[in-house]
Amino acid sequence: MKETRACVLSAEEISRGIFRLRLRMDEPDMPVGPGQFVQIASPSPKAFLRRPISISDWDENTHVLELIIQQKGEGTRALCAMKPGDETGVLWPLGRGYSLPEGAKSLWLAGGGVGVAPLYLCARQARQRGMQVEAFLGFRSAAYAYDIEKLTALGVSLHLISDDGTLGEKGYVHQAVSRALENSRPDALFTCGPPRMLEALQQTVMAQAPGLYAQASLEERMGCGYGVCRVCACKVEHDGRVQTLRACADGPVFPLQEVKWA
């Protein structure tokens, strides 16, 4: 973890209310893994706390970091309004990300909404290892979809789902995964999205593929980003014991089957 100055290269709206922020980092040699996140300072004077944003991509050769940001409040609106040449502070890389089991040859990715963002780096690194990758991506509608072309260019097999049927099939991510599990099973499954999606996917996996290596990245409110404030407390059950952990420092990635829902 390190405090780094970052220079804005671009801030582009890529779907309704969702922006891709590209930053050139002053500290180029940081080891970054899929599923990790940053705490980025917003230029808004009303945003006292940094905003936690998942890392969508990191190019260690050009030192360019990509973040997908959904406009929600004053802080994220100010981030999305930054111009090329603007600078900001980034605390990174934070958290424990996804990890593949040894010998894995196939990976399924399941993402919903802004939760699709951290799955791109997972897909890119898995494809570089020669793995087969399928992605189940759910959006509110076609207007909110993003990164479809980028994932297709990697050779990822896509299953597109939308709430209203304007993109792919109408329905929910866990339903598409359920149908796929009737015919095949991956070596690993990584997921990120809203809690209701993750809970439904957890139930699906436990019913149809018990023992599947599956990891989920939790979308929790965070304050500090490194485990001091404990705002992001979550419950995880391991070996029959429920523990209260910190999503930022102990996660945000946890075994899918072990997450407990309120």
Side-chain angles (χ1 to χ4, degrees), residues 4-25 34-58 64-95 110-121 135 137-151 160-164 166-168 172-173 191-198 217-225 229 231-232 247-248 252:
T4 301
R5 296 301 298 174
C7 178
V8 175
L9 297 178
S10 62
E12 173 192 10
E13 188 170 16
I14 55 176
S15 66
R16 185 176 296 173
I18 296 178
F19 287 71
R20 188 188 318 280
L21 183 64
R22 299 177 69 248
L23 304 166
R24 190 177 304 280
M25 309 302 289
Q36 290 188 292
F37 67 99
V38 305
Q39 291 278 118
I40 182 169
S42 171
S44 169
K46 298 180 181 179
F48 300 107
L49 297 176
R50 298 171 186 262
R51 279 2 187 207
I53 307 292
S54 297
I55 295 173
S56 178
D57 200 12
W58 163 244
V64 173
L65 180 73
E66 289 193 4
L67 308 175
I68 302 296
I69 301 177
Q70 183 178 29
Q71 287 186 334
K72 286 188 174 182
E74 180 69 28
T76 51
R77 280 196 297 270
L79 284 168
C80 295
M82 289 196 297
K83 305 298 182 183
D86 289 349
E87 292 190 352
T88 188
V90 177
L91 193 63
W92 75 310
L94 299 170
V114 75
V116 171
L119 301 182
Y120 179 79
L121 184 55
L137 309 181
F139 300 98
R140 190 183 309 178
S141 70
Y144 293 88
Y146 62 94
D147 274 3
I148 292 173
E149 294 81 5
K150 289 187 66 177
L151 287 165
L160 302 177
I161 308 101
S162 57
D163 294 353
D164 63 359
T166 56
L167 178 70
Y172 301 101
V173 169
T191 184
C192 183
R196 289 181 64 182
M197 186 201 93
L198 297 182
S217 179
L218 304 187
E219 295 180 348
E220 298 286 345
R221 291 183 177 274
M222 295 183 185
C224 66
C229 70
V231 169
C232 60
C248 66

Donor-acceptor check, side chain of [X] to backbone of [Y], threshold 3.5 angstrom: yes or no?
X: Thr166; Y: Ala142; value: yes
X: Tyr146; Y: Ala117; value: yes
X: Gln36; Y: Gly95; value: yes

Euclidean distance, [Y] [atom2] relative to [X] [atom1], rounded to 0.5 Å:
X: Arg22; Y: Ser10; atom1: CZ; atom2: OG; answer: 4.5 Å
X: Ile148; Y: Phe139; atom1: CD1; atom2: CZ; answer: 5.0 Å
X: Leu79; Y: Ser44; atom1: CG; atom2: OG; answer: 9.0 Å
X: Lys150; Y: Ile14; atom1: NZ; atom2: CD1; answer: 8.0 Å
X: Leu160; Y: Leu167; atom1: CG; atom2: CG; answer: 4.5 Å

At their closest point, which heavy atom of [X] faces which heavy atom of [Y], and how far apart are they?
X: Ile55; Y: Leu65; value: CG2-CD1, 3.8 Å
X: Gly112; Y: Pro194; value: O-CD, 3.7 Å
X: Met25; Y: Trp58; value: CG-CZ3, 3.7 Å
X: Pro43; Y: Ala78; value: CG-O, 3.6 Å
X: Ser141; Y: Ser162; value: CA-CB, 4.2 Å
X: Gly225; Y: Cys248; value: O-CB, 3.5 Å

Residue pair [X] / [Y], side-chain heavy-atom distance below 4.5 Å:
X: Leu137; Y: Leu151; value: yes
X: Tyr172; Y: Asp163; value: yes
X: Leu23; Y: Val64; value: no
X: Ile40; Y: Leu21; value: yes

Check your understanding: In this structure, which one of Gln39, Glu220, Arg221, Glu219 forms a side-chain contact (heavy atoms from CB on, under 4.5 Å) with Pro52?
Key -> Gln39
Revision key, fill the gap. side-chain contact (heavy atoms from CB on, under 4.5 Å) test vs Phe37 passes for just one of Leu67, Leu94, Leu91, Ile53, namely Leu94
Review point. Which residue pairs satisfy the salt bridge (charged side-chain N to carboxylate O under 4.0 Å, His left out) criterion with at least one member in residues 43-54, sequence neighbours excluded?
Key: Glu3-Arg50
Point to revise | Atom CZ of Arg5 with >12 non-hydrogen neighbours under 6.0 angstrom | key: yes
Show me, pair by pair, the donor-acceptor contacts under 3.5 angstrom made by side chains of residues 82-89, not counting sequence neighbours?
residue, atom, partner, partner atom, Å
Asp86, OD2, Lys83, N, 2.8
Thr88, OG1, Ala41, O, 2.6

Point to revise | Test side chain to side chain contact (heavy atoms under 4.5 Å, CB included) applied to Ser54 - qualifying residues, sequence neighbours left out | key: Pro118
Review point. Can Glu66 and Leu121 be said to form a side chain to side chain contact (heavy atoms under 4.5 Å, CB included), step by step?
Key: CA-CA 10 Å; Glu66 289 193 4; Leu121 184 55; over 6 Å; no
